[in-house]
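On a predicted model such as this, the values are computed, not experimentally measured, just so you know.
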Amino acid sequence: MSNEIDYTARDYQRLLNAMRARIPDLLREWTGYTNEADFGNVLLELFAYMGDILSYYQDRVANESFLGTARTRASVIQHLRLIGYELGTAVPAATTLLVSVPRDVDSVVAVTRGNAFSTKSRRGAPSVRFEYTGQAPLTIDFAKVEPDAATGRRVFDGIPVEEGRFIEGEVLGTSDGSADQRFPLGHTGVMLRPGATEDVQITTDTPGLAWERSSSLALSQGGATHFVVAVDAEDRATVAFGDGAFGRIPAGRVVATYRVGGGPAGNVGVREINTILDCPQLAELGAVVSNKDAGTGGAAREGIDHAVRHAPAVYRSMHRAVTANDYEALALSFKGVGKARATAGSWNDIKLHVAPEGGGHVSDVLVSGLLTYLEDKRMLGHIVDIRDVKYVPVLLTAIVGVEPRYTGLDVTERVRQATAALLAFDRTDFGETIYLSQFYEEIQNTPGVQYVNITEFRRRPTDPDVEATGKLEFDPFELPVPADDPKHPGGIALDVRYRGRR
């Protein structure tokens, strides 16, 4: 009798075959084990089925034990906490509002934290809420604003707003005086910026006691009024306090103020924020609001793939920015930053070119938050200059033949989508080279395209056509984008032909 066991037989069929192979050695009198109607065969199939499931669980447990193979967000969160890296929460989009009032208004008004504005709701697209988030009120003296010559209204330029909602004065519970108390926040989707301590504000019944958010309680003294906020895989946030030796134990009621929201929904277009939602001091004056710039910087919570790629670089930097690579790694770990490229000028000058997630231009809010985040990480004397990236339009002109069973409009739309995908923000990087052959391949593989001939391939309208070289090259701080040109909508002008005729 053979005692060899194949430990690699872990799926259903191989487990079943392995058990059947041992039957002649163990139960020679059982000859009907291959009969589907045999009750013993049914038991073998059940055992094989259970073994397959248990093997799957074993593999999953083994995979979740290592950062490189973990697939659940909860496991990745726990792994990265070992190196002091927290997955980023969603971040809000930001923009600036224009507010106009009638000519005869000469009042002084103050816009305070939490005053809200919004886009209009549409079918399938709910309204998006934006709030003024400054700690100090923004005072507007309309008497000092000159009326616009064209409209006669007084127009004030400069109310910075961020997408999201304030949750103010939420009672989390009452301290029982024990160590390591934890209080869950009532709303999911809390927004936490790296390095910012005011995103979640905690007050207790002890008069004059100011609590401060910290990244860890490991270095907190016994009387330090520190707390930490941990966010789980379901975006539920929990406030944790110390044990008296590492961080103070709170007393009385625990009250929280924080903001929720964030995500790409806040990246709204120009003039889409036009509703005064909760700012009665402006509404009473007959004010009209509008955003002069598109909302930028809104991004969903950090994905586990992004964290696994960037966390090691942040860990190697030891949360200190010394080299240009350190600045890039730390900037990319700051939620809202989609791409970053740093260079060192003189000995203390760091130029950091940043593109917000999804593309667009860097907002003042993102610049301010990133500078604050880098403040305690940069070397003494380093001057960080955050700049916009340079977006370079790419233009294509192509003659496309359409197969008989397709319509020209359908093929045109598919070709535009295919070429735009090649220049999508997530598929491009600084200083890369784009080849003409990529566009030939993408267009030719588009359903309905019979043939394609690209006659124009250039960086921008003023650049020479480089069809002869077959490639477009970009500088280290340039990013290619589809041209927004009337003659090249979506970056490509198409001459669609049916069976070779116009």
Side-chain angles (χ1 to χ4, degrees), residues 124-125 264 267 269-270 294 296 299-300 303 305-306 309 338-339 341 353 355-361 388-502:
N267 297 330
V270 176
T296 60
D305 290 337
H306 179 277
R309 285 197 309 270
K339 299 183 187 297
R341 176 62 59 86
H353 291 255
E357 283 205 39
H361 298 286
D388 257 322
V389 301
K390 187 176 182 180
Y391 294 101
V392 179
V394 174
L395 296 92
L396 242 72
T397 299
I399 300 172
V400 176
V402 179
E403 293 182 357
R405 68 179 185 273
Y406 290 89
T407 64
L409 288 177
D410 288 343
V411 173
T412 297
E413 182 60 29
R414 288 173 181 168
V415 169
R416 292 196 194 284
Q417 292 177 359
T419 55
L422 285 174
L423 300 172
F425 182 79
D426 293 336
R427 293 183 62 175
T428 57
D429 206 350
F430 294 107
E432 69 178 2
T433 300
I434 296 178
Y435 294 92
L436 180 62
S437 59
Q438 296 174 273
F439 291 89
Y440 267 112
E441 180 181 3
E442 198 70 26
I443 296 174
Q444 190 63 64
N445 291 334
T446 302
V449 173
Q450 191 175 53
Y451 65 87
V452 59
N453 180 26
I454 297 177
T455 59
E456 182 185 31
F457 182 52
R458 66 179 79 209
R459 287 165 38 104
R460 55 168 66 86
T462 57
D463 286 347
D465 194 346
V466 293
E467 183 188 2
T469 64
K471 63 181 180 181
L472 300 179
E473 296 180 341
F474 297 85
D475 292 339
F477 305 112
E478 292 182 336
L479 284 175
V481 293
D484 186 14
D485 182 271
K487 296 181 180 179
H488 297 77
I492 183 169
L494 293 174
D495 181 2
V496 178
R497 301 182 180 182
Y498 184 72
R499 288 186 178 177
R501 298 192 302 272
R502 287 184 182 276

Taking all heavy atoms of [X] and all of [Y], pick out the closest pair and write down the distance.
X: Pro264; Y: Ala300; result: CD-N, 3.7 Å
X: Thr446; Y: Ala418; result: OG1-CB, 3.8 Å
X: Asp429; Y: Leu479; result: C-CD2, 3.4 Å
X: Arg341; Y: Pro476; result: NH1-O, 3.6 Å

Row check, Phe425 ring normal vs Lys339 NZ/CZ: under 6.0 Å, within 45°: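 Satisfied, under 6.0 Å and within 45°.
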Contact check, side chains of [X] and [Y], non-hydrogen atoms, under 4.5 Å:
X: Val481; Y: Leu423; value: no
X: Val394; Y: Thr419; value: no
X: Ile434; Y: Phe439; value: yes

Can you tell me how far [atom2] of [Y] sits from [atom1] of [X], rounded to the nearest 0.5 angstrom?
X: Arg427; Y: Gln438; atom1: CZ; atom2: CD; value: 8.0 Å
X: Thr433; Y: Leu472; atom1: OG1; atom2: CG; value: 8.5 Å
X: Arg458; Y: Leu396; atom1: CZ; atom2: CG; value: 10.5 Å
X: Phe457; Y: Thr397; atom1: CZ; atom2: OG1; value: 11.5 Å
X: Gln417; Y: Leu422; atom1: CD; atom2: CG; value: 12.5 Å
X: Asp475; Y: Phe430; atom1: CG; atom2: CZ; value: 12.0 Å

Side-chain (Tyr440) to main-chain (Ile454) donor-acceptor, under 3.5 angstrom: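 Checking the backbone N and O of Ile454 against the side chain of Tyr440, a donor-acceptor pair under 3.5 Å is found.
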Tyr391 side-chain N/O to Gly360 backbone N/O, donor-acceptor pair under 3.5 Å: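 Such a contact is found between Tyr391 side chain and Gly360 backbone.
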Partners meeting side-chain hydrogen bond (donor to acceptor under 3.5 Å, both in side chains) with [X] (sequence neighbours left out):
X: Asp410; value: Thr407
X: Glu432; value: none
X: Thr428; value: none

Listed partners of Asp388 passing side chain to side chain contact (heavy atoms under 4.5 Å, CB included), at least two apart: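 Asp388 satisfies side chain to side chain contact (heavy atoms under 4.5 Å, CB included) with His361, Val362 once adjacent residues are dropped.
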Contacts of type salt bridge (Lys or Arg N to Asp or Glu O under 4.0 Å), residue Glu442, not counting sequence neighbours: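 Checked Glu442 against salt bridge (Lys or Arg N to Asp or Glu O under 4.0 Å); zero matches.
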Contacts of Glu473 that satisfy salt bridge (Lys or Arg N to Asp or Glu O under 4.0 Å) - sequence neighbours left out: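 For Glu473 the salt bridge (Lys or Arg N to Asp or Glu O under 4.0 Å) partners, ignoring immediate neighbours, are Lys471.
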